[in-house]
There are 2 protein chains.
Amino acid sequence: MQRQLTQRGQERKAQLVSFAIKAFAQNGYHTTSVADIVDGVGVGKGVFYWYFSSKEELFIEILRTSQRDMRRRQQREIRGVEDPLDRIDLGIRAAVLWFAENDDLRRLLEFARNESTFASAVHHGQKVLVEDARTHIEEGIKEGRIPPRDPEALALAMLAVANQLTQVYISERNEDPEVVADTVAEFCRGGLGMSPEFRQRP
Amino acid sequence: MQRQLTQRGQERKAQLVSFAIKAFAQNGYHTTSVADIVDGVGVGKGVFYWYFSSKEELFIEILRTSQRDMRRRQQREIRGVEDPLDRIDLGIRAAVLWFAENDDLRRLLEFARNESTFASAVHHGQKVLVEDARTHIEEGIKEGRIPPRDPEALALAMLAVANQLTQVYISERNEDPEVVADTVAEFCRGGLGMSPEFRQRP
DNA sequence: AGCGAACTAGACCGATCGGTCAAGAAGCTT
DNA sequence: AAGCTTCTTGACCGATCGGTCTAGTTCGCT
């Protein structure tokens, strides 16, 4: 849905997106109706279909924006750092912290991954994230500081650990994100095969 | 729904469950209607509600049975093995292989984990699995072969890795489950902090 | 003030959903 | 064959869904 939006229009749209994120995360995509959303915002149904051509389009826009935001965060955190192992470490921490600060979005991304309608929309974004990590892992292997194994598998495993531990310890138990990030990072370092002697540059 | 089932009744019920698993896994729980299921099996709608009091009950039964089956598999594989590290290793392999052989069920469990209606139904079963792994990890720590860290977090991380790598490499790319199991096991060994010198009993 | 574009309200629509029910067929037991 | 339980059919129901549409209001610009 391509529309020329005024300031007011942009604000209204943001209002709808914001409410929808909360509603989808809390009650699920399928069980949240368009009527729920417009009622929650306090507008008529016509408003929704002025800004979005369908419920599905809204959801995909949410997914896309989320993934863009998460990657931006990760890129910002590792900017200027040269050492690939440090980049991996910072990338993991950035992922966990982003998940912690955007728990609703984490839930939606996780849901979308398992829903055939949205899996393709999420797939590309995730691939980009994995590619980023893969690059650093390959550098680490080349420098002889990470034992050679399939870099993509390692990247995927790290993402899974970050996601899962965030869900249990931060989303469900409200523990300190920094501590969880440490735990995730340490598990991943080990998983990559970085024994202590590997951690320093040769 | 408690009913006295004849042989024929049990077969009919199994037929419904089997078709429902495939349909839910392929098209999603919400987008699969009761009408889809009974049409697929080729029976009237009354049949469904003779065996199940609701669509939700059917799904929960599927989840429960799946988790029971997966744990049984895991227990069988580690039976008689004393060494806690070996038990962890065999447990991981059993999980990956079960996921590989029951891809539809893996999908459903993953979906249910992220759906508030079913999260509680899955939660208990997952907790049991994590408790099992936790016990072995604690033994390993006590024996000084695993560095001391939160055993539950480690168990959760291992489960996440098994799940994710199974999804990508087996479910999506049809790679050899045994090879994937090796990859998962190796990542997890590292993640637990088992450096090579730890792998032997002191 | 006037005018077109941006925005909003909410009644309305056809489709589909999970679930019910009355009626009867099929299978056991005696 | 009778009679009870198990099983099956499919029309039917009220509710709710995503989406449409018309009539109207508000805004920005000249």
Side-chain angles (χ1 to χ4, degrees), chain A residues 1-24 26-63 108 111-112 115-118 121, chain B residues 1-24 26-63 108 111-112 115-118 121:
Chain A
M1 179 75 46
Q2 194 62 355
R3 279 260 157 74
Q4 201 60 253
L5 299 184
T6 64
Q7 173 74 19
R8 175 160 150 258
Q10 288 174 31
E11 283 165 12
R12 183 66 93 200
K13 186 175 174 181
Q15 221 179 342
L16 287 165
V17 167
S18 164
F19 188 89
I21 288 171
K22 275 182 280 181
F24 287 153
Q26 192 156 88
N27 307 112
Y29 171 78
H30 291 290
T31 39
T32 301
S33 65
V34 175
D36 288 337
I37 296 171
V38 294
D39 286 355
V41 176
V43 295
K45 214 173 192 180
V47 172
F48 185 94
Y49 288 96
W50 176 259
Y51 295 102
F52 308 99
S53 61
S54 71
K55 183 183 162 187
E56 195 174 312
E57 191 200 77
L58 159 64
F59 192 61
I60 289 179
E61 181 171 320
I62 291 172
L63 296 174
L108 299 187
F111 159 81
E115 193 82 355
S116 57
T117 323
F118 301 114
Chain B
M1 177 78 44
Q2 195 62 357
R3 280 258 157 75
Q4 200 61 254
L5 298 185
T6 65
Q7 172 73 21
R8 176 159 150 260
Q10 287 174 32
E11 284 165 10
R12 182 66 91 200
K13 185 175 173 180
Q15 221 180 341
L16 287 165
V17 167
S18 164
F19 188 89
I21 288 172
K22 274 182 279 181
F24 287 153
Q26 193 157 88
N27 308 112
Y29 171 80
H30 290 289
T31 39
T32 301
S33 66
V34 175
D36 289 336
I37 296 170
V38 293
D39 286 354
V41 176
V43 295
K45 213 173 194 180
V47 172
F48 185 94
Y49 287 95
W50 175 259
Y51 295 102
F52 308 100
S53 61
S54 71
K55 183 184 163 187
E56 194 174 313
E57 191 201 76
L58 159 65
F59 191 61
I60 289 179
E61 182 172 318
I62 291 171
L63 296 174
L108 298 188
F111 160 79
E115 193 82 357
S116 57
T117 322
F118 301 114

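Naming: A, B, ... by sequence-line order, numbering from 1 per chain. Note that these values count all heavy atoms, side chains included, but never hydrogens, waters or copies made by symmetry.
Under 4.0 angstrom from either OP1 or OP2 of C:dA5 there lies no side-chain N or O belonging to A:T6. B:W50 has a side-chain polar atom (N or O) that falls below the 4.0 Å cut-off from OP1 or OP2 of D:dC7. The side chain of A:Y51 contributes an N or O atom lying less than 4.0 Å from OP1 or OP2 of C:dT8.
Between B:M1 atom CE and D:dT6 atom P there is a gap of 13 Å when expressed in whole angstrom units. Spacing between atom CD of A:Q4 and atom C1' of D:dG28 amounts to 13 Å, rounded to whole angstrom units. Between the CG atom of A:D39 and the P atom of D:dT16 there is a distance of 13 Å, rounded to whole Å. In this structure, CG of B:L16 is placed 12 Å from P of D:dC7, rounded to the nearest angstrom. Between the CD atom of A:Q10 and the C1' atom of C:dA6 there is a distance of 12 Å, rounded to whole Å. Rounded to whole Å, atom P of C:dA6 lies 17 Å from atom CD of A:E11. Residue A:F52 contributes atom CZ, which lies 18 Å from atom C1' of D:dT20 at whole-angstrom precision. In this entry the distance linking CG of A:L5 with C1' of D:dC27 reads 14 Å, nearest Å.
Remark: A:K55 pairs with no residue by the salt bridge (charged side-chain N to carboxylate O under 4.0 Å, His left out) rule, at least two apart or across chains. Not counting sequence neighbours, the partners of A:F19 by the side-chain contact (heavy atoms from CB on, under 4.5 Å) test are A:A23, A:I37, A:V41.
When the local axes at the two ends of the helix from C:dA1-D:dT30 to C:dT30-D:dA1 are compared, using 5 base pairs at each end, they differ in direction by 10° after rounding to 10°.
Pairs of residues two or more places apart, or lying in two chains, never qualify as side chain to side chain donor-acceptor pair (under 3.5 Å) while including a residue from residues 41-50 of chain B. The stretch residues 29-42 of chain A participates, sequence neighbours left out, in these side chain to side chain donor-acceptor pair (under 3.5 Å) pairs: A:H30-A:E115, A:S33-A:D36.
A:F118 and A:F111 have tilted rings, their planes meeting at an angle from 30° to 60° on a 0 to 90° scale.
Counting heavy atoms of neighbouring residues, nucleotides and ligands inside a 6.0 Å radius, atom CD of A:Q26 does not exceed 12 of them.
Atoms CE and OH, from B:M1 and B:Y51 in turn, are 11.5 Å apart once rounded to the nearest 0.5 Å.
Across all strands, B:R3 comes closer than 4.0 Å to no nucleic acid atom at all (heavy-atom distances).
Side-chain contact between A:K13 and A:Q10 is absent, with no heavy-atom pair separated by less than 4.5 Å.
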* When every nucleotide of nucleotides 17-30 of chain C is labelled 5' to 3' by its protein contacts under 4.0 Å (heavy atoms), B for base, S for sugar-phosphate only, - for none, what sequence of letters results? -> SBBBB-----S---
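In summary, the side chains of A:Q7 and A:E11 do present a donor paired with an acceptor at a separation below 3.5 Å, with no hydrogens or angles considered.
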